[in-house]
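In what follows, a structure is listed as structure tokens, so that the remarks can point back to it.
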Protein chains: 2
Amino acid sequence: MPIKEKSKPAKRDRVTIRTVAAHAGVSVAAVSKVMRNAYGVSENLRAKVTGSIEELGYRPSRTARGLRGRTFTIGLLLVDIRNPFLPEVIDGVNGVLAPSHYQAMIGVGEGRMQLEASLIESMIDYKMDGLILVAPRLPTEIIAEFAAQVPIVAVGYHDPKAKTFDTVNTDDQRGAEIAVEALLKCGYRDIEMLSLGAREGHKVSVVRQREIGYRRAMLCAGLSSSAPISHIPVHSPKREEAMRVFLARSDRPRAVFCWSDLDAITLLSAAADMGVRVPEDLAVVGYDNSTTAALSLVNLASIDQSGRELGEAATRTLLSRIEGRSDPEHLLLMPSLVNRKSLIRSG
Amino acid sequence: MPIKEKSKPAKRDRVTIRTVAAHAGVSVAAVSKVMRNAYGVSENLRAKVTGSIEELGYRPSRTARGLRGRTFTIGLLLVDIRNPFLPEVIDGVNGVLAPSHYQAMIGVGEGRMQLEASLIESMIDYKMDGLILVAPRLPTEIIAEFAAQVPIVAVGYHDPKAKTFDTVNTDDQRGAEIAVEALLKCGYRDIEMLSLGAREGHKVSVVRQREIGYRRAMLCAGLSSSAPISHIPVHSPKREEAMRVFLARSDRPRAVFCWSDLDAITLLSAAADMGVRVPEDLAVVGYDNSTTAALSLVNLASIDQSGRELGEAATRTLLSRIEGRSDPEHLLLMPSLVNRKSLIRSG
DNA sequence: CGTTCTTCGTATAACGTTCTACATTTTTTT
DNA sequence: AAAAAAATGTAGAACGTTATACGAAGAACG
């Protein structure tokens, strides 16, 4: 009585392109052609093959595909997962990808440059067809080096001179201007900016752009002499400590523009603790228009950079690059102000 | 003058295992052996090969690897990206993975079952070595089917009878009990639960477990006759509408336990709008201990299910499964209460 | 001083696709 | 009716690894 030896009976054998070819009674190449919508396929053949594919539930192996052609996967690299505007970006990417047969895989960098680079390498090693990097911390030369190996679009990375990769941004300079203009319109002249710790972020990062916009708006208002910027550490508990120090200052300004809702909301919370009334004692405008800002408990005026639109634009740009475009594209979307209680507007 | 034709001069040729072999003056098999720490490698050989690898910056192709053996990648599937406890889980996973040569790739399902299934299939097609599914909505049979093809750990999916895959959870029943017990201790007897819309979530989902815990705690307190559960729709604007209806009810309870901070915080915001004082008029306990709950503007008491620990445990469980364990494991971690202003405690 | 073990290194067949050449058949043109 | 062109299908060589099977060279043994 011969016993059929099967080491792993659980893992049933994969349906490969060969299985389909045999089932449909055609060649492997024919099945491949149908899969790729290649030229030279009769209606008859297509029907037979798609029938078999359907019946067998065939799914091509991405690893095998990667060895030759496209994987129909794009990599999405996020610096840190906590920034409230990232989910919007993801939605935008998925939205554009949904009708295509592309899919997105996400890597999370946690702000560590080394991990970030190694995730990009992994994505390349996976033969992903293109990469969207959100707010990368890496220097331009390194990104350019990666861009030689795979199409890349950077979001939140203002480098309009980049030749080998594309960028998609909202106009962060203009966004900061809008915030400051709104404060000026409310009659505030004593406006400070709360920015990110000096060591974080390079010249092309969003936070530096927002500083430029802030300064320019102050300059236009004739306040260039007093356009102070405070730098807040990124990590707890120094971050909260810096907020409290700011609030306790005797020369605390009447209004403040925060580079990000994350900081603005922490500031509002600290203000509540210390009995600083918003907006009576201190007007606040944030950036990102996060869902938390919209809570009436928080009620924070904020600059909206539609993350969804950024994600959509980045994806479309990447797909066109994958399709063969070689001259760089640098998109700039327009942000807008969402007015809320933390900023009382006269108009 | 012979001109070397190069169609794509930009994309410099990849350093493959063959490049390394040639550079080190050994065979391809030798390099592979070194890479895999396989038996039969002399110190001399190892030195030569690692030297060349270093010098050339060789990185093995994951696609090629996937065709034969492991890819050293695990897939992390998230139902939706907005739940505030997910970043914690990601941190936990990355933390455990960091010292190993494994990496995580994340897929986001957006709550659509079809997308969720197709992402899992993609991860399998990518030959990922194992999958961590966070709060999957798929029925057990389908997950079991996938588990036949790849090691799977489900987080936030209470199915201790699952034989072919592992589960890691906090004890959601106990968590709900702790919340209700805390409210009881403060003297409240009139306690309602705000749960997820009836159609969302199956019997094994966290939200149903929390309902069970709520009911049991009420029963223990002799309040079984009045343990009402309201179901709140998931999506705006019906969600906010339901909150307002709840707050406006003439028979509104004195205390409420929300299945998730997401809902609890929206409730607090609506309460502020409508002049319902917390906790004087209404005590609230949430679930997840999100960062927003910790803001003093919000100050929401909440059940902490350490997402980080869940992520760590899930990863360790998955790795052991990948290493060959075949009998199922079902971990249960203990949640704890974080007391804040939304719940005044006498003790 | 043959044998038999070890130890070390290599040759090569997979793995599941894509895609270039080609072979065959059908259609169109002259 | 012959020649040319177009349409359809197939064979088979990549792609970059892993892992099995095996050969060669020393070491240990009787």
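We name chains A, B, ... by the order of the sequence lines, and we start the count at 1 in each one.
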Exercise. Should A:Thr16 be listed as having a side-chain N or O under 4.0 Å from OP1 or OP2 of C:dG16?
Worked result: no

For this session: Can you check whether any acceptor in the base of C:dT17 is under 3.5 Å from a donor in the side chain of A:Arg65, or vice versa?
Result: no

Exercise. Picking from C:dG16, D:dA11, D:dT17, which would you name as closest to the side chain of A:Ser61?
Worked result: C:dG16

For this session: Decide salt bridge (Lys or Arg N to Asp or Glu O under 4.0 Å) for B:Glu88 and A:Arg82; before the verdict, give the C-alpha distance in whole Å, the side-chain angles of both, and the deciding distance to 0.1 Å.
Result: CA-CA 9 Å; B:Glu88 293 292 323; A:Arg82 270 166 249 271; 3.2 Å; yes

Exercise. Does atom NZ of A:Lys161 have more than 12 heavy-atom neighbours, drawn from other residues, nucleotides or ligands, at distances under 6.0 Å?
Worked result: no

For this session: For A:Glu323, look at atom CD and say whether over 12 heavy atoms of other residues, nucleotides or ligands are found less than 6.0 Å away.
Result: yes

For this session: Find the distance A:Arg59:CZ to C:dG16:P and express it as a whole number of Å.
Result: 13 Å

For this session: Nearest whole angstrom, please: distance from the P of C:dT17 to the NZ of A:Lys127.
Result: 16 Å

Exercise. Within the distance-only criterion (no hydrogens, no angle test), does the side chain of B:Arg14 pair as donor or acceptor with the backbone N or O of B:Arg59 below 3.5 angstrom?
Worked result: yes

Problem set entry | Check: D:dA19 base within 3.5 Å donor-acceptor of B:Arg68 side chain | no

Exercise. Is there a donor-acceptor contact under 3.5 Å from the side chain of B:Arg62 to the main chain of B:Lys127?
Worked result: no

N/O-N/O pairs, protein side and nucleotides 22-28 of chain D side, under 3.5 Å:
none

Exercise. Could you give the CG-to-P distance, from B:Leu67 to C:dA13, as a whole number of Å?
Worked result: 16 Å

Exercise. Of the nucleotides D:dT17, C:dA11, C:dT17, which has the atom closest to the B:Val28 side chain?
Worked result: D:dT17

Exercise. Is the CD atom of B:Glu54 crowded by more than 12 outside heavy atoms at less than 6.0 Å?
Worked result: no

Exercise. C:dT18 C1' sits how many Å from A:Arg62 CZ, rounded?
Worked result: 16 Å

For this session: Name the nucleic acid region contacted by B:Arg18, choosing base, sugar-phosphate or nothing; use a 4.0 angstrom heavy-atom cut-off, strictly under.
Result: base

Exercise. Excluding sequence neighbours, so at least two apart, what forms side-chain hydrogen bond (donor to acceptor under 3.5 Å, both in side chains) with B:Asp159?
Worked result: B:Thr140

Seminar exercise, completed: Of B:Asn169, B:Asp166, B:Thr167, the one forming a side-chain hydrogen bond (donor to acceptor under 3.5 Å, both in side chains) with B:His330 is B:Thr167

Seminar exercise, completed: Picking from C:dT17, D:dT10, D:dT18, the nucleotide nearest the side-chain atoms of A:Ala30 would be D:dT10

Exercise. If you pin A:Thr63 and A:Arg70 to their nearest nucleotides in DNA chain C, which one's is more 5'?
Worked result: A:Thr63

Exercise. What class does the angle between the rings of B:Tyr157 and B:His202 fall in, given that below 30° is parallel, 30 to 60° is tilted and above 60° is perpendicular?
Worked result: perpendicular

For this session: Identify, residue by residue, the members of residues 31-58 of chain A with a heavy atom below 4.0 Å from DNA chain D, and return them in order of residue number, or none.
Result: A:Lys33, A:Tyr39, A:Gly40, A:Val41, A:Ser42, A:Leu45

